[in-house]
Amino acid sequence: MIDLKDLRENPDRYRTGAQRKQVPVDIDRLLELDSSRRETLSEQETLRAEQNRLAKETGPKIGPLMGQLKKAEGADKDRLQAEIDAIKAAPAALKEKIQSLEGTLKVSEDEFRSLLLSVPLPPDEDVPVGKTADDNVELRRWAPAGWDYDKSFEENKGFKPKTHIELCDSLGLVDFPRGVKLAGTRSYVLTGMGMRLHQAVLRYAIDYMSDTNGFTPMSVPVVVKEEAMVGTGFFPGGREQAYHVDEVSRGSGHDLFLTGTGEVGLMGLHQDEILDEDDLPKQYVTVSTCFRREAGAAGKDTAGLYRIHQFDKVEQVVICPSDETVSREWHRRMIGFVETFLQSLALPYRLLQCCTGDLGVKNADMIDLECWMPGRGEPDADGVPTGEFGETHSASRLYDYQCRRLNMRYRAGGEGGQGTTTFCHSLNNTVAASPRILIPILENYQNADGSVTVPEVLRPYMNGIETIG
RNA sequence: GGAGAGGUGGCAGAGCGGUUGAAUGCGCCGGAUUCGAAAUCCGGUAUGGCCUUCGGGUCAUCGGGGGUUCGAAUCCCCCCCUCUCCGCCA
């Protein structure tokens, strides 16, 4: 959520921001609703003040009079009743006015709230303006010794590459038909060494973030209340992307939603809390199963492990004080963690500065990391793919947008501090999403004989196995 | 899932229709006392919104939502959560 006060003062900043992000939102309508709302609110407040004043004044009088009324008879009773009615008349009139204003407020409340929630965080000035992912800017690329981006896979390795789908099939790593039988399109079953490799990457990623980088490992719910989805900024915009568990129609008080990333659980942890500044930054890492409906992606990446409804992801989040410099520094570091991670796996990758149109509502800045996938891309003359980068990581910097929605603040000055409360800043980044990351692993580690070498850092997690197949 | 009890400020815990944003204790902050500390004493100690001549004013909030009433922490309804017992169970 954006800062409403700032919106009032700098509406153009938000108009431009929304425009650059290609998010249609009627800022003028929001401002209009805000001002009429405040007008009604202050009118109502004045009446309430008067009502409270009267209540304090007449309260002690009415009580005894009511008591006397019970015992009184005849003319005395009529006189007392008249007196009570006279006292009640003024507040009763106020009550009617207040209720009528309440009605006025209710009419626009829903529209106001949903408009406010849908105003995107303006992208930072140093984020390149662009419309789609095609306008993203490559920052740099890295490759392990023995890999040259200017040469084809065959020139680099001496044989034509297989796609991960072919490898999974020939090595018995994934059973796609049975996955589809069980759960429909975009479903799969990891089998044997496929499952072990999947578990190995995830566990390696968790250990790396915990042991080497000081993150606290967590297991968090993946089925959450709507509040958590709205709070983390995935709703209302991404409602279509989430699986919805309808519990209300079965008599429960609230529906549930399956999370599409561990970020929801990790960030939701401190919803409605005031943290101690001394406890910041919070560095959390989780591995969680992620569920995505992939609505609107029909026909895109339908084969293989690239775009699927369910996967497991190790995700890192950082909650830090409200300071742009600190938050930018964390962004760099979190990207650094992933680069070191990928370098330890010797996977070729590149960094992309996402353009404004590719950011999504809650980000001020986003860096994507793409691994080289030899089995993707246009086919050559022999029908063998020529390779392509594929997104495996995404590092977001959100300022206080998410923490505002989550109502997550901290108090300056440490324990018992006297400082005022401030919304925290938050950041998140993938560490490893599997099985997608198995694609570059399998494709880059394949051998001429059709086997796949297990990356050295993963061998301890696979009982020392060096080769699959 | 069934039966019962309960959700009040950072914590514990009163209040159960009338000047209650809320007693009391603990904690915390400031001060006094002290060479210093403990103890003691005094004062202060929620969050958010709106308005402001920046002194302050005002409204809302006692799990959440709705209702009754001139007036609700207190009464009614729905929901959520916690605890105890029973049942079921990875």
Side-chain angles (χ1 to χ4, degrees), chain A residues 1-9 31 33-70 80-106 108-110 112-113 116 219 221-228 230-231 245-257 268 270-279 289 400 403-424:
Chain A
M1 187 155 57
I2 53 129
D3 181 359
L4 191 53
K5 273 186 201 155
D6 193 47
L7 176 78
R8 281 177 206 137
E9 283 158 26
L31 287 169
L33 285 170
D34 174 50
S35 108
S36 68
R37 211 176 84 94
R38 275 193 295 163
E39 202 174 306
T40 312
L41 232 36
S42 80
E43 195 180 332
Q44 194 189 33
E45 197 179 289
T46 310
L47 294 173
R48 281 230 168 93
E50 175 66 6
Q51 192 182 38
N52 287 341
R53 198 185 60 76
L54 285 172
K56 281 183 185 177
E57 195 177 286
T58 62
K61 285 191 215 158
I62 271 188
L65 283 174
M66 295 291 276
Q68 287 175 38
L69 182 66
K70 273 187 189 162
L80 282 168
Q81 185 64 56
E83 203 174 325
I84 290 168
D85 287 348
I87 293 175
K88 283 185 181 178
L94 283 173
K95 185 191 182 184
E96 211 168 298
K97 281 187 203 161
I98 290 168
Q99 281 180 337
S100 129
L101 290 175
E102 192 68 44
T104 310
L105 283 170
K106 262 191 179 162
S108 57
E109 180 70 19
D110 286 349
F112 173 75
R113 284 206 64 77
L116 180 60
S219 170
V222 296
V223 186
V224 302
K225 294 197 259 189
E226 182 164 12
E227 222 183 307
V230 174
V245 184
D246 175 8
E247 283 291 297
V248 167
S249 74
R250 307 172 76 187
S252 167
H254 55 74
D255 284 350
L256 293 164
F257 296 85
H270 298 296
Q271 179 154 21
D272 293 319
E273 288 184 26
I274 298 174
L275 303 170
D276 197 319
E277 187 176 17
D278 290 348
D279 294 338
T289 304
D400 63 2
C403 294
R404 237 173 230 290
R405 287 180 169 242
L406 286 164
N407 190 29
M408 189 196 300
R409 293 164 289 165
Y410 68 94
R411 194 184 299 280
E415 197 175 341
Q418 302 297 296
T420 52
T421 59
T422 315
F423 290 108
C424 306

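A, B, ... follow the sequence lines: proteins, then strands. Residue 1 opens every chain. Just so it is clear, the structure is predicted and the values come from calculations on it, not from any experiment.
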(message) Please name the nucleotide paired to B/rA3 by Watson-Crick or G-U wobble geometry with both distances under 3.5 Å, or report none.
(response) B/rU84
(message) What's A/Ala55 touching, base or sugar-phosphate or nothing? Going by heavy atoms closer than 4.0 Å.
(response) nothing
(request) Indicate, with a heavy-atom threshold strictly under 4.0 Å, whether A/Arg404 touches base, sugar-phosphate, or nothing. (result) nothing
(request) To the nearest 0.5 angstrom, please state how far the CG atom of A/Asp272 sits from the CD atom of A/Glu227. (result) 6.5 Å
(message) Less than 4.0 angstrom between a side-chain N/O of A/Ser42 and OP1 or OP2 of B/rU58, yes or no?
(response) no
(request) Please state how far atom CZ in A/Arg38 lies from atom P in B/rG48, giving the value in whole angstrom units. (result) 18 Å
(request) Report the residue (A/Leu4 or A/Ala92) whose heavy-atom-nearest nucleotide on RNA chain B is the more 5′ of the two. (result) A/Leu4
(request) Give a yes or no on whether the backbone of A/Val230 and the side-chain of A/Arg405 come within a donor-acceptor separation of less than 3.5 Å. (result) yes
(request) For A/Asn52, report the nucleic acid contact type (base, sugar-phosphate, nothing); a contact means any heavy atom under 4.0 Å. (result) sugar-phosphate
(request) State the pairing partner of B/rC89; accept Watson-Crick or G-U wobble contacts with both distances under 3.5 Å, and report none otherwise. (result) none
(request) Let me know the distance between CD of A/Glu50 and P of B/rC70, rounded to the nearest Å. (result) 17 Å
(request) For A/Arg37, report the nucleic acid contact type (base, sugar-phosphate, nothing); a contact means any heavy atom under 4.0 Å. (result) nothing
(request) Could you grab the distance from atom CD of A/Glu50 to atom CG of A/Leu94, nearest 0.5 Å is fine? (result) 6.0 Å
(message) Strictly below 4.0 Å, N to O, side chains only: are A/Glu45 and A/Arg48 in salt-bridge contact?
(response) no
(request) Return the nucleotide paired to B/rU45: Watson-Crick means purine N1 to pyrimidine N3 with N6-O4 or O6-N4, wobble means G-U with N1-O2 and O6-N3, both under 3.5 Å. (result) B/rG27
(message) Can you measure A/Leu47 atom CG to B/rC59 atom C1' for me and round it to whole angstrom units?
(response) 12 Å
(message) Can you confirm whether A/Arg113 is buried at CZ, in the sense that more than 12 heavy atoms of other residues, nucleotides or ligands lie under 6.0 Å from that atom?
(response) no
(message) Measuring from the side chain of A/His254 (C-beta onward, heavy atoms only), which nucleotide among B/rG57, B/rC81, B/rC51 has the closest atom?
(response) B/rC81
(message) Among B/rC50, B/rA60, B/rU69, which nucleotide has an atom closest to any side-chain atom of A/Lys95?
(response) B/rU69
(message) Using a 3.5 Å distance criterion without hydrogens, assess whether the side chain of A/Asp400 forms a donor-acceptor pair with backbone atoms of A/Cys424.
(response) no
(request) Grab the CD-P distance between A/Glu273 and B/rU47 for me, whole Å please. (result) 16 Å
(message) Does the structure show a Watson-Crick or G-U wobble partner for B/rG55, both distances under 3.5 Å? Name it, or say none.
(response) none
(message) Can you tell me if A/Arg409 touches the phosphate of B/rU47, counting only side-chain N or O atoms and a distance under 4.0 Å to OP1 or OP2?
(response) no
(request) Starting from C1' on B/rC50, measure out to CG on A/Leu105 and report it in whole angstrom. (result) 12 Å
(message) Whole angstroms only, please: what is the CG-C1' distance between A/Asp279 and B/rG10?
(response) 14 Å
(request) Would you kindly give the CD-to-P distance between A/Glu227 and B/rG65, to the nearest whole Å? (result) 11 Å
(request) Name the closest nucleotide to the A/Glu45 side chain, picking from B/rG48, B/rC59, B/rC80. (result) B/rC59
(message) In this structure, how many angstroms lie between the C1' atom of B/rG10 and the CZ atom of A/Arg411, rounded?
(response) 9 Å
(message) If the glycosidic angle sits within 90 degrees of zero it is syn, else anti. Tell me which applies to B/rG71.
(response) anti
(request) For the side chain of A/Arg48, starting at C-beta, report the closest nucleotide among B/rA60, B/rU58, B/rC51. (result) B/rA60
(message) Looking at A/Ser100 and A/Glu96, would you say the former's side chain and the latter's main chain have a donor-acceptor pair under 3.5 Å?
(response) no
(message) Pick the closest RNA chain B nucleotide for A/Asn407 and for A/Gln51 by heavy atoms, then say which residue is nearer the 5' end.
(response) A/Asn407
(request) For B/rU61 and B/rG21, measure between their P atoms and round to the nearest Å. (result) 10 Å
(message) Could you tell me the Watson-Crick or G-U partner of B/rC35, where both distances fall under 3.5 Å? Say none if there is no partner.
(response) none
